[in-house]
Amino acid sequence: MTSSWKRRCRQRAQALPRTCVSTLLGIGLISIILSSCVEPTPPEGSDPNLDAAAEQGAGPKDPALVEQDEAKIGHAFRQLGAGDLGGCRVTAMEVLANDPAPATRARAEFMVGLSFHKAKQYADARPHFDLASQGPNFQGKLALPYFQGWCYFWLGELDAAEASFRQHLTQAEEGDSYFGLGIVALDRGDNAAAKSALQKALQLFEAKAATGDASAKRDLAKTHARLADLDLDSEDFEGAKIHLQLAVDLDSDRSAVWYKLYQVYLELGEDGPASSALAEYKRCLDSGQSTGGMAAGGGR
Amino acid sequence: MSSPKILLLAPLAIVFGCADERPKVAPADEAETDASVDASGLPVPNFRVVRLGAAPSTTPEAFAPTAIVEVKGGGLGLIDFDRDGLLDVFVPGSLTLGNEAAGDGARLFQNQGDLKFVRRTDLGFDWKGWGMGVAVGDLDGDGYDDLFTAAHGPNAAHFNRDNKQTAGGRKFVEGAKAAGLDDERWGMAASLGDLDNDGDLDLYVANYLNLDLDNLPPDTTYLEQPIFAGPLGLTPTADLILRNRGDGTFEDKSFRSGIGTVEPSFGLGATTIDLNEDGLLDIFVGNDSMANFLFVNQGAFSFEDKARSMGLAVNGDGREQATMGIAISDVSGDGLPDFFSTNFASDTNTLLVARQRPSGGLSFRDRTSSLGASKGSRSLVGWASLFGDFDLDGDEDLVVFNGHVYPERLASKMGSTSEQAPLYYAQSSGRYQQQTVAQAGQWLAETALFRGAARGDLDNDGAMDLVVTALGQQPMVLAPALLDPAESVSVALLQETGDRRAYGARVVLVEDGLSRTQWVQPSMGFQGSGTAASLFALTPGAGQRWIEVTWPDGTLQVEQLEGRTGRIKIKRASR
């Protein structure tokens, strides 16, 4: 059964248009979902509570209806990828209203949560993520703690955010969650922990880049930018400059990085490069396509 | 330093005081409790809570704003209007759309000592409007402090005049129009300072946006909820700078001064301080969701915005923030002014720390997280923020008052509530440690739609008290209650000019060669104007002590303390 589920996941993953995927939620997040879809790793052992929950509900459902719900979930996923957050939510809610099988229900909750998350409605996303988390395994569930981590982070719950990122890392050695841990540590002012987590993230993103994954460039850029923050905090402006120059070489559309570079050049008395960095910063702001801050979400 | 094991008096004594409004005086809770101790082992002060006046006609429970103007007001000013040595509390009040008559109007609570206040209704405060920020200072140079109120609609100026009919012999006369102070644009905050060193007080008004109350913009949507429009999507308004002619009347210099060369912005706060120590006051303006300004004074009443290059325009990620409250203090102990600002939810507050650039001049770096000043703030909407050595241990602590602009249905979608609790951080080993209710008292658990605040020693006990406003609630005084406070010195400056308080002056306490620095700030918190005195806790056993005053025009004056403690007044030596 597991292998047939795996096969279905693979088919579904292959069916997802890559262009759509690349715009979905940005950066490496969707790759987490996809990778977990392609290679789902059920948690070791079995949780009697979850098993019981999976057994409850409507009982065995007509396979045709299950297939129908699954198809809707796939549709919701594509809507999410296309940026139709409201459509995604409606579709997923339709599934939920249809008394789906427990695993489908959990996936639908995850979809609803993602639609809120993408809209930066973290308080709205949280209960859906929680319900998805309590449900049985489903494809993509491995990525759930990662999203919960950012959700908690933006709600100011740093301990819960850290726990979620760590939970994700117990299941998948992903640079994204090390990056998340780094951001949490930075927010706490724990520079030693931040440095450790960010360096680990850098290592994993470099490995990802070596596989030819194009998204790794942006991951590396954001990590270098945060490592620069640590140098800035200790007034190591030369060190910060190196990280920031690497960051803009990897991704030149981050206003935050250009702004930091502008400030670093000014500190070092390099007025010419400072002017250029300021112009780039303004270009990013004016383009309206700036990738903004180094972490996802936030702000009005 | 105080002993880590001391007793606190009256952990939460709530006194309802207002003699002419059927005062209810609750007996202070005399129970003694163990002092709380922070992570470093230092005692944390508990605070007495005193509420001023009768409960207002609107309550937070009815908080259902229909326009942005309803959520922005909360100004207050501390003024010793009768010069009896006690700071009184002025609140301009605000209104509710559709029921303007229900507004409380401007109120002055006279300080009778021992944290007892009485509302004076005979002082000429019949002004009722959309009051926002308050500036306190001697506008007309007659030796008594006056009150300026930025407002939606014409700004107001209450001049403090002789009057034999009133107790204390003073009465206020509203005279904004005659003084040229009645600009009708939406003024949000004001800051005074002698910007041209001619001895009188000039005025900067941070304006917000265009809002026609008779033709409100349609509601917008935020987080899929309908809500009143603004600020984004509405038209920002240019700020105003007014030069005092020396006779209490003002001329608009907004265009010729260079202030008008910047893009109009959603101004929320302003303060004056001589950042580059050139003997000319500069102006910092906090803008909502837009880059802040730092107008560096070029002399001859001309200014140039240098916020971007100095690192004060945005946060460390280059992001424009809401910048409601502005607090300035020397957090790092290097004698340079550091800037703290409060921000909207899903963002943290921001601490920008000053540094001397090797190439000359100041720059500011975002050290919010590394100094612990972001903790607990991300889900909150911050307003007034105030530095002060509330525990009298020699360093600057920090308090932040919060409260949403949105009703509960929307606040909950942001993971919070409309009414929010304050944040209190004590400094320990150079970092800010967020204090808990158990450590600092029940006031930290009190939720409200907090807005403005100012600081001042209202009971003259040598500790810095706080006065805070909240929408739909009485103003509240928070007085640190330390049974065994350290010795302190409170330095008030006096000039024989219209700028009596010496706004922008730099005051340094030097003890055995170590120095601590404060600035006389004309505006503080959010929309607030507080004490002009600088309060320093004294180091026990220190030998030589003196005060160095850099007056607003850059003149240095040194005053030996020679054993003096408590309140001292330093009069400016003849020019």
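Just so it is clear: chains get the letters A, B, ... in the order the sequence lines come, proteins before strands, and each one is counted from 1. The model shown is predicted, which means the values in this text are computed figures rather than measured ones.
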Is [Y] paired with [X] through a side-chain N to carboxylate O contact shorter than 4.0 Å?
{"X": "Asp317(B)", "Y": "Arg226(A)", "answer": "yes"}
{"X": "Glu267(A)", "Y": "Arg355(B)", "answer": "yes"}
{"X": "Asp187(A)", "Y": "Lys375(B)", "answer": "no"}

Can you tell if the side chain of [X] reaches within under 4.5 Å of the side chain of [Y], non-hydrogen atoms only?
{"X": "Glu224(B)", "Y": "Arg89(A)", "result": "yes"}
{"X": "Arg365(B)", "Y": "Glu235(A)", "result": "yes"}
{"X": "Phe153(A)", "Y": "Arg378(B)", "result": "yes"}
{"X": "Arg308(B)", "Y": "Leu278(A)", "result": "yes"}

Report the distance from atom [atom1] of [X] to atom [atom2] of [Y], rounding to the nearest 0.5 Å.
{"X": "Tyr222(B)", "Y": "Gln121(A)", "atom1": "OH", "atom2": "CD", "answer": "9.0 Å"}
{"X": "Glu270(A)", "Y": "Ser359(B)", "atom1": "CD", "atom2": "OG", "answer": "11.0 Å"}
{"X": "Asp190(A)", "Y": "Ser369(B)", "atom1": "CG", "atom2": "OG", "answer": "11.5 Å"}
{"X": "Tyr262(A)", "Y": "Ser309(B)", "atom1": "OH", "atom2": "OG", "answer": "4.5 Å"}
{"X": "Asp347(B)", "Y": "Trp154(A)", "atom1": "CG", "atom2": "CH2", "answer": "7.5 Å"}
{"X": "Asp124(A)", "Y": "Leu223(B)", "atom1": "CG", "atom2": "CG", "answer": "7.0 Å"}

Mind checking salt bridge (charged side-chain N to carboxylate O under 4.0 Å, His left out) for Arg431(B) and listing every partner two or more places apart, or none if nothing turns up?
->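 Salt bridge (charged side-chain N to carboxylate O under 4.0 Å, His left out) check on Arg431(B) returns nothing, list empty.
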With a 4.5 angstrom heavy-atom cut-off, which part of Val314(B) approaches chain A: side chain, backbone, both or neither?
->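 Both backbone and side chain.
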Tell me, for Asn343(B) versus chain A, whether the close heavy atoms (under 4.5 Å) come from the side chain, the backbone, both or neither.
->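 Neither; nothing under 4.5 Å.
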Check whether [X] gets within reach of chain B through its side chain, its backbone, both or neither, counting any heavy atom under 4.5 Å.
{"X": "Leu186(A)", "value": "backbone"}
{"X": "Leu230(A)", "value": "neither"}
{"X": "Phe237(A)", "value": "side chain"}

Under a 4.5 Å heavy-atom cutoff, which of Gly311(B), Ser379(B), Ala373(B), Pro358(B) has the most pairs with chain A?
->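 Among Gly311(B), Ser379(B), Ala373(B), Pro358(B), the one with the most close pairs to chain A is Gly311(B).
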Count the heavy atoms belonging to other residues, nucleotides or ligands that lie under 6.0 Å from NZ of Lys195(A), then report whether that count exceeds 12.
->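 Not more than 12 within 6.0 Å, no.
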List the atom of Ala123(A), the atom of Gly415(B), and the distance in Å for their closest heavy-atom pair.
->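 Heavy atoms only, the tightest pair is CB-N, 3.1 Å.
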Taking Tyr281(A) for its side chain and Gly318(B) for its backbone only, find out whether a donor-acceptor pair lies under 3.5 Å.
->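 Yes: the side chain of Tyr281(A) pairs with the backbone of Gly318(B).
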Applying a criterion of heavy atom separation less than 4.5 Å, what residues of residues 238-249 of chain A form contacts with chain B?
->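 Contacts with chain B: none.
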Who among Leu155(A), Leu266(A), Leu232(A) has the most heavy-atom pairs with chain B under 4.5 Å?
->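 When all of Leu155(A), Leu266(A), Leu232(A) are compared, Leu266(A) has the most.
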